[in-house]
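Reminder, nothing fancy here: chain letters follow the sequence lines and each chain counts from 1.
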2 protein chains.
Amino acid sequence: MQGLMQDWPLTLNRVIEHANQWHPDQEVVSRLVEGPIVRTTYAEIYKRSKKLSNALLAAGVKMGDRIATMGWNNARHLECWYGIMGIGAVCHTLNPRLFAEQLCYIINHAEDSIIFTDLSFVEMLAKNAPDLPTVKKWIVLTDPAGMAGCPLPNAIDYESFIAGHSENVEWGNFDENTAAGLCYTSGTTGNPKGVLYSHRSNFLHSLVGISPSMFSLSDKDVLLPVVPLFHANAWGLAFNCPAVGAKMVMPGPKLDGASLYELMETEGVTYSAGVPTVWQMLLQHMDTNNLKFSTLKFLVVGGSALPEGLLRGFHDRYGIEIMAAWGMTETSPLATAVRLTPEQLKLPYEEQVPLRLKAGRPPLGVELKVVDDDGATLPNDGASVGRLMVKGAYVLRRYFKAEDKEILDAEGFFDTGDVATLDEHGFVTITDRAKDVIKSGGEWISSIEIENLAASHPKSLIACVVACPHPKWDERPLLLVKLKEGESATREEYLKYLDGKIAKWWMPDDVLFVDDIPLGATGKLDKKVIRVAYKDHKLPTI
Amino acid sequence: MQGLMQDWPLTLNRVIEHANQWHPDQEVVSRLVEGPIVRTTYAEIYKRSKKLSNALLAAGVKMGDRIATMGWNNARHLECWYGIMGIGAVCHTLNPRLFAEQLCYIINHAEDSIIFTDLSFVEMLAKNAPDLPTVKKWIVLTDPAGMAGCPLPNAIDYESFIAGHSENVEWGNFDENTAAGLCYTSGTTGNPKGVLYSHRSNFLHSLVGISPSMFSLSDKDVLLPVVPLFHANAWGLAFNCPAVGAKMVMPGPKLDGASLYELMETEGVTYSAGVPTVWQMLLQHMDTNNLKFSTLKFLVVGGSALPEGLLRGFHDRYGIEIMAAWGMTETSPLATAVRLTPEQLKLPYEEQVPLRLKAGRPPLGVELKVVDDDGATLPNDGASVGRLMVKGAYVLRRYFKAEDKEILDAEGFFDTGDVATLDEHGFVTITDRAKDVIKSGGEWISSIEIENLAASHPKSLIACVVACPHPKWDERPLLLVKLKEGESATREEYLKYLDGKIAKWWMPDDVLFVDDIPLGATGKLDKKVIRVAYKDHKLPTI
């Protein structure tokens, strides 16, 4: 027997429609690539998104077509999202930080027919345009004046593109499982892979995201999303803010401490979200210039683990709460957030610190488990280390154009590629990437934990731990250290430094001092290359 | 093109599964009908609900079967909800405050095959059992000791019913549109009508309900739901609390001020929700006994309008915030809540008071409009009075067993039967029930506003305003007053009292002093009867 409630598909046009109807005058403030700060409202964004939809329809765009954007956080970019998704086309966000080769691969794989781009990227795109045969149209997120000298062939400015189009267009009225957004994972192994979000998944991600278990958002918040619209679905903020009528402050390309601080102060920002690097820059700017925040209260950190110094710096010196959250492109991304339990909140702050450095716990809507190598579920005891698996309404089922490739386990869980523990409350502690974990005698050793310790040695510039083949134990840890300029050290010195800080059987079998350690495109240790380089290294323990 | 996200149906078993997994030891405290206060946890409720599911399956229950409950708020009743819904049967909540005749109609209409009942109702049910041919089994929410002298034929106690059954049973794994709950509106006209909630509608209602725009719930809240599980889907609280892991404190049958205060204090209640009458009783108990709340911070009031004295009493004397919310059985029920805008919150409290007495504004997920008699949408200007219409993911489409009867307008909106204004922020002000509004010369006069004023006259015991036929204006207001014992008054005295407080053309055409004013089953003015009684009254203005 079916219930007798209304058929009200969860399509994303409803989000901006809600903002337009009940929060029409709420501001969206943007710093443009050209420099100035411009102000608009949800009502204006709604109307201009509709004009954009008509312009796209007039250009022949059909449901399911992939329309790409390569833009910073600004109001025009937000209009692209709603204008594209409203008519059932797919908004494909391009990460301009990728290498040109990867970008071309992604654009060709997605078969993007139109690309919206900020002025920052026109030269790079012009250079690669000949290798992008599917792209029929380039639209630059600027006005006619901004187009002077634009090197893109047949490009048109955004304002001219939407000019003269009607504000009336039908949005939604299609299946809520219709594809809405496309985002590729940068992928440290193999080619980038596309995650194809649906209207339903993003809508549900938004309802969960605004709840007190996660972001806890309302129209009282003035939100500055530092996390870019092209990064992991912008953590849902492009939907969450209009969904609750929160003011948005869009930083454009300027993410340095001084620029962010200025925007926060002039626009009364209370809430912001971004990666640790950005908050490190902001903290340094605050410390160096002896500044105070007038309105900021809350920061979300994601993308990588929250460093203790960052948590303490903002908390101790500025009274700002930082909440770590965890997820990945494949999980829309919000899988967990650090919301302490009522009992944990009663602890002295010092005892809360280690809890606040965890990756958080899941809300209703996200299922988690850790499993061993055979896929058997491990206990949620905060100690059993296994692969972190995730399942839920906004977790991917298949990668784009790889629909025939099964990637879920028998229970429907997706393998995050992380190695973690889960405690009784659901708090995740990520100990390693699965491909970097060292498997010694059937047990797992966290490469990250050892290298973080080694990196904290006063003589270290960079430290890296990788698995090295071992005839008896399969793999044993090898520690590579790049010392600071002018320093020298011994193997024994480092082993002694680690002694007592990690389990005996985690101790690296060897320590090598090297001139350089290879880093990947995003500045992370390129362990794949490092493992290959040292696979024949003969450990002294063999 | 479809998105490639997981198929994760929004079924309600996931709610208690989430609570069981990550909040297993969170308490649910209940006051039993028998008197004592008992404690259990979400983990226990989860396990016992599964046993109940197996007991129901063993009794031959199939998907879609209607299984009724007539119970107070307690843990066993909660187990019934999850045990019934988990296997795709329909949990039909019976309101014991209805007249026996209505109850029999409802049970027969729903074709309930099993009824779970608290001890409080066994006599009444036993008396009516012969008129309830579809009911095959009676299960009393007690243990074997509680069954002594139970007059119900072939009844079994709950503990014996679930004893010996396994905790393993498959839940969910069906279409999220499967019927989950059934609740009848008491219906002042015609027979009660059934609203058939789906798993999806209740799940979405819960996600919206816990958001900061509505209840704003987390595991930091200790919630005492005074609103009964049998009243309008319990405002969603039976799902919201386990969804976030909030402690629940279930008051059982004792809703007087002293009993509620005692529970709030002993259990550390921070948050409660109920109708104004209950809060009036609690306020009076506090005032009379010169008490203080140790932990209570927040009250939700719904079911009828928030009286100013209640708002001020709790705010001024106890520092408790009261939030009004509005909805109806047909809207699951949470359609609006009074969450002031950031600008409104900056106003002095005196200026906030009239805003806080409104019915609230809608979250994302609920669409509202006011329409005139022709169905044309009126402006959201806070002044245009029209029928309040609602649409959304958890608003009904059809009544149960009336699937062939269209009840939505061309745009898919449901007519609430209320007359209201909507302002620019979406704040609803309900001015009347549509059937009670007085239509004078094409304009609408609020009967409620006039009678509330007349009731505030020092000599009034009860006042009532109804429409009286008028040859020129169609209808004109007629004021009926029942004076306090020993008082006498004149027509002119009352008209003078109203003069200047309402628009000139709203002034009643006549005032009658009567010995009695008919009240309906729920203590409200029975205007249908009153209108008929005075339809031939000759107004002096004719």
From [atom1] ([X]) to [atom2] ([Y]), nearest 0.5 Å:
X	Y	atom1	atom2	answer
Ser211(B)	Asn240(A)	OG	CG	11.0 Å
Leu4(B)	Arg398(A)	CG	CZ	8.5 Å
Met1(B)	Leu196(A)	CE	CG	6.5 Å
His23(A)	Thr341(B)	NE2	OG1	9.5 Å
Met5(B)	Asn177(A)	CE	CG	11.0 Å
Phe239(B)	Leu364(A)	CZ	CG	11.5 Å

Residue, of [options], that accumulates the most heavy atom pairs under 4.5 Å with chain B:
options	value
Gly426(A), Pro9(A), Gly392(A), Ala19(A)	Gly392(A)
Gly245(A), Ala179(A), Ser198(A)	Ala179(A)
Phe203(A), Tyr399(A), Trp22(A)	Trp22(A)

**OP:** For a side chain to side chain donor-acceptor pair (under 3.5 Å) with Asp219(A), tell me which candidate from His425(B), Arg339(B), Arg361(B) qualifies.
**Re:** Arg361(B)
Sort [X] into side chain, backbone, both or neither according to what part of it lies under 4.5 angstrom from a heavy atom of chain A.
X	answer
Ala393(B)	both
Leu340(B)	backbone
Val222(B)	neither
Glu403(B)	side chain
Pro362(B)	both

Original post:
Looking just at side-chain N and O atoms, do Trp8(A) and Glu367(B) make a donor-acceptor pair shorter than 3.5 Å?
Top reply: yes
Most chain A-contacting option - heavy-atom pairs closer than 4.5 Å, from [options]:
options	answer
Val244(B), Asp7(B), Leu10(B), Val195(B)	Leu10(B)
Phe427(B), Phe400(B), Phe414(B)	Phe400(B)
Leu408(B), Asp25(B), Leu396(B)	Leu396(B)
Ser218(B), Ser332(B), Ser201(B), Ser213(B)	Ser201(B)
His199(B), Glu343(B), Glu330(B), Glu424(B)	Glu424(B)
Gln6(B), Met214(B), Glu17(B)	Gln6(B)

**OP:** Give a yes or no on whether a salt bridge exists between Glu176(A) and Arg200(B), defined as a side-chain N under 4.0 angstrom from a carboxylate O.
**Re:** yes
Which atoms of [X] are under 4.5 Å from chain B, going by heavy atoms: the side chain, the backbone, both sets, or neither?
X	result
Asn380(A)	side chain
Leu422(A)	side chain
Asp423(A)	backbone
Ala243(A)	both

